Amino acid sequence: MELLPDTRLTDLFARLRAADFRDCTRTDIERACRAMGGTLASDGSVDIPDMPAGTHTFGDDDPYDENKPCRLFSVPVAKVEPEQFRTYLDRAVAAWGEPTWYSGLSEDLDVGWIDGPTLYTLELATDGDLELGIRSLEVDGNRRWWNWKTQYHYPEFLDEDDWVPADEHDLEYTSADDYEVDYTWSAGSPGRGAEVWSVYTLAHLRGLLTDLVTSLHLAMRALGPGPQPLVLDFYDLEHSPDRQVRFTLSSNEIRVSAAVTDATRHHLAALGFTDRPDGTALRCWSDVSTDARAAATVTTVLLHRLGLGTEYLTMHESGDPLSIPGFSVDLDVGLVDPDEDEDDDEADDDS
């Protein structure tokens, strides 16, 4: 897909804003399409002059109520390198104003604008696909809220062998990767939302850490890195003060380190860490975009072998990894005991 000329890009953003999608019901979208000189077909396809090929809508219409806000209007804009994203973002800002939020949408980058009942988004995927979306703010909020308030069910659906990665070579996707977390980080003012997503198992942490690293590194390339790398410290000061693991992400590498002690030396060596003069051991990955899951797997395996994979594990965030203000990691590590989870299930069955 070729890059759109600046004049056409500016016109596209302006036309979409002027069309007034309101609550994104089918009726609203039909009206918006007519305002842009086009039509919405019964199958959801869109025919609008000068609109990029592939523009479409999808969603579950209520056949008894055309005013139910449940459709998404999607425009495939371009196929770009992350460093080209700024051109599109600048044109969107010129037409729509400053974004309401930036966030890590799974492994992708999501930028959102709220305009009354309407949510506009510009989403950059890891494969370079750039898509513009228009949806109901209410529906987006309800979906996020449902995912957030039901997330505690996650451990119930894990296979018994999927709670902890077996070793650093255990990179296959498992039942532990089947979760609904809408974003792992957010930035901007006032930010993406009020939700902080819980992390229940080490395998869950491995998946979410992979998503966090992949989407944040994409954002670093697309928006520009901040003055400090992201640092995540994992520890249990009460029970294991001599065992701490530090995970660091910069624009060009991932670093995992821990202090070398009698309790950690053997495990660090077994996982390929290299001793340093300062009394720590370090392992690095230079290809951030492809090594995120490998680094996350080593981190969680190390936590497990050091005895830190318990309900007492704490994750502390620091750093300033993006060129935009208000960055936060929206994850809260609160590991659960698989034996206690089984006890809870048995209690539910007996009641």
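What you see below is based on every heavy atom in this structure, not just the backbone, and it leaves out hydrogens, waters and symmetry mates. Worth saying up front: this structure is predicted, and the values here are computed from it rather than measured.
Counting only distance, with no hydrogens or angles, the side chain of Ser136 and the backbone of Cys24 share no donor-acceptor pair below 3.5 Å. Using modelled atom types, one side-chain atom of Ser323 and one backbone atom of Gly224 make a donor-acceptor pair closer than 3.5 Å. When atom types are taken as modelled, the side chain of Thr126 and the backbone of Leu218 share no donor-acceptor pair closer than 3.5 angstrom. Side chain of Asp278 to main chain of Thr280: a donor-acceptor pair is present (N/O by atom type, distance under 3.5 Å, no hydrogens or angles). Using modelled atom types, one side-chain atom of Arg15 and one backbone atom of Met36 make a donor-acceptor pair closer than 3.5 Å. The main-chain N or O of Val196 is found under 3.5 Å from a side-chain atom of Trp148 such that the two form a donor-acceptor pair. Not one N or O on the side chain of Asp90 forms a donor-acceptor pair closer than 3.5 Å with the backbone of Thr87. Between the Thr121 side chain and the Glu123 main chain, no donor and acceptor come within less than 3.5 Å of each other. With hydrogens and angles ignored, the 3.5 Å screen pairs a side-chain donor or acceptor of Arg293 with a backbone N or O of Leu171. In this structure, Thr150 contributes its side chain and Trp146 its backbone to a donor-acceptor pair below 3.5 Å.
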Chi angles and distances behind the side chain to side chain contact (heavy atoms under 4.5 Å, CB included) call for Thr290, Trp285: CA-CA 9 Å; Thr290 59; Trp285 292 262; over 6 Å; no
Check the pair Val333, Leu205 against side chain to side chain contact (heavy atoms under 4.5 Å, CB included), reporting the backbone distance first and the verdict last. CA-CA 8 Å; Val333 175; Leu205 175 62; 4.3 Å; yes
May I have the step-by-step check of side chain to side chain contact (heavy atoms under 4.5 Å, CB included) for Phe247 and Val213, ending in yes or no? CA-CA 10 Å; Phe247 186 101; Val213 168; 3.6 Å; yes
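Side-chain contact check for Thr174 versus Asp159: every heavy-atom pair is 4.5 Å or farther apart. Side-chain contact check for Val329 versus Met315: some heavy-atom pair is nearer than 4.5 Å. Proximity of Glu311 to Val336: side-chain heavy atoms (C-beta onward) are nowhere separated by under 4.5 Å. In this structure, the side chains of Trp163 and Pro155 come closer than 4.5 Å at one or more pairs of heavy atoms. Two residues are said to be in side-chain contact when any heavy atoms from C-beta on lie closer than 4.5 Å; Phe327 and Leu230 meet this criterion. The side-chain heavy atoms of Lys79 and Leu130, taken from C-beta on, include no pair separated by under 4.5 Å. Looking at Leu223 and Leu89, their side chains come closer than 4.5 Å, going by heavy atoms from C-beta outward. The side-chain heavy atoms of Pro52 and Leu12, taken from C-beta on, include a pair separated by under 4.5 Å.
Listed by chain and residue number, Arg246 satisfy the salt bridge (Lys or Arg N to Asp or Glu O under 4.0 Å) test with Asp233 (two or more places apart in sequence, or in another chain). Every residue two or more places apart in sequence or in another chain was checked for a side-chain hydrogen bond (donor to acceptor under 3.5 Å, both in side chains) with Glu317, and none qualifies. Residues that satisfy the side chain to side chain contact (heavy atoms under 4.5 Å, CB included) test with Glu131, not counting sequence neighbours, are Ser74. Residues forming a salt bridge (Lys or Arg N to Asp or Glu O under 4.0 Å) with Arg243 (at least two apart in sequence, or on another chain): none. Remark: Val46 engages Cys33, Leu40, Ile48, Thr55, Thr57, Phe73 in a side chain to side chain contact (heavy atoms under 4.5 Å, CB included) (not counting sequence neighbours). Ser175 pairs by the side-chain hydrogen bond (donor to acceptor under 3.5 Å, both in side chains) definition with Asp162, not counting sequence neighbours. In this structure Arg22 satisfies the side chain to side chain contact (heavy atoms under 4.5 Å, CB included) test together with Asp20, Asp28, Arg31, sequence neighbours excluded. In this structure Asp115 satisfies the salt bridge (Lys or Arg N to Asp or Glu O under 4.0 Å) test together with Arg17, sequence neighbours excluded. Every side-chain hydrogen bond (donor to acceptor under 3.5 Å, both in side chains) that Ser250 has, sequence neighbours left out, goes to Asn252.
Closest approach of Leu313 and Leu308 over heavy atoms only: CB-O, 3.2 Å. Residues Thr100 and Trp113 approach most closely at OG1-CA, 3.6 Å, considering heavy atoms. The two residues Ala78 and Tyr88 come nearest to each other via the heavy atoms CB-OH, 3.4 Å. What you find for Gly54 and His56 is that their closest heavy atoms are O-ND1, 2.8 Å. Across Leu109 and Ala219, no two heavy atoms sit closer than the pair CD1-CB, 4.0 Å. Closest approach of Val111 and Pro99 over heavy atoms only: CG1-CB, 3.5 Å.
Pairs of residues two or more places apart, or lying in two chains, that qualify as side chain to side chain donor-acceptor pair (under 3.5 Å) and include a residue from residues 216-229 are Glu83-Arg221. Listed by first and then second residue, the side chain to side chain donor-acceptor pair (under 3.5 Å) pairs involving residues 294-308 are Arg206-Thr297 (not counting sequence neighbours).
Taking the six-membered ring where the residue is Trp, Tyr179 and His204 present tilted rings, their angle falling between 30° and 60°. Aromatic ring orientation, Trp96 versus Tyr120: tilted (interplanar angle from 30° to 60°).
With rounding to the nearest 0.5 angstrom, the CG atom of Asp242 is 5.0 Å from the OG1 atom of Thr261. The CH2 atom of Trp145 sits 14.5 Å away from atom CG of Asp140, with the distance rounded to the nearest 0.5 Å. Separating the OH atom in Tyr312 from the CG atom in Asp236 is a distance of 8.5 Å, to the nearest 0.5 Å. In this structure, Leu306 CG and Gln244 CD are separated by 11.0 Å, a value rounded to the nearest 0.5 Å. Taken from CZ in Arg143 to CD in Glu180, the straight-line distance is 8.5 Å, to the nearest 0.5 Å. Residue Arg135 holds its CZ atom at 11.0 Å from CD1 of Ile29, rounded to the nearest 0.5 Å.
With hydrogens and angles left out, the side-chain atoms of Ser106 and Asp108 include no donor and acceptor closer than 3.5 Å. Looking only at atom types and distance, the side chain of Asp182 has no donor-acceptor partner in the side chain of Trp197 under 3.5 Å away. A donor and an acceptor atom, one from each side chain of Asp47 and Ser45, are nowhere located under 3.5 Å apart. If you check the side chains of Asp23 and Thr25, you find no donor sitting under 3.5 Å from an acceptor.
By the neighbour-count criterion of 12 heavy atoms within 6.0 Å, atom NE2 of His266 is sparsely surrounded, having that number or fewer from other residues, nucleotides or ligands.
The one candidate from Trp101, Tyr183, Tyr102 that meets the side chain to side chain donor-acceptor pair (under 3.5 Å) condition with Asp110 is Trp101.
Side-chain heavy-atom separations under 4.5 angstrom define the hydrophobic clusters, and Val231 shares its cluster with no other residue.
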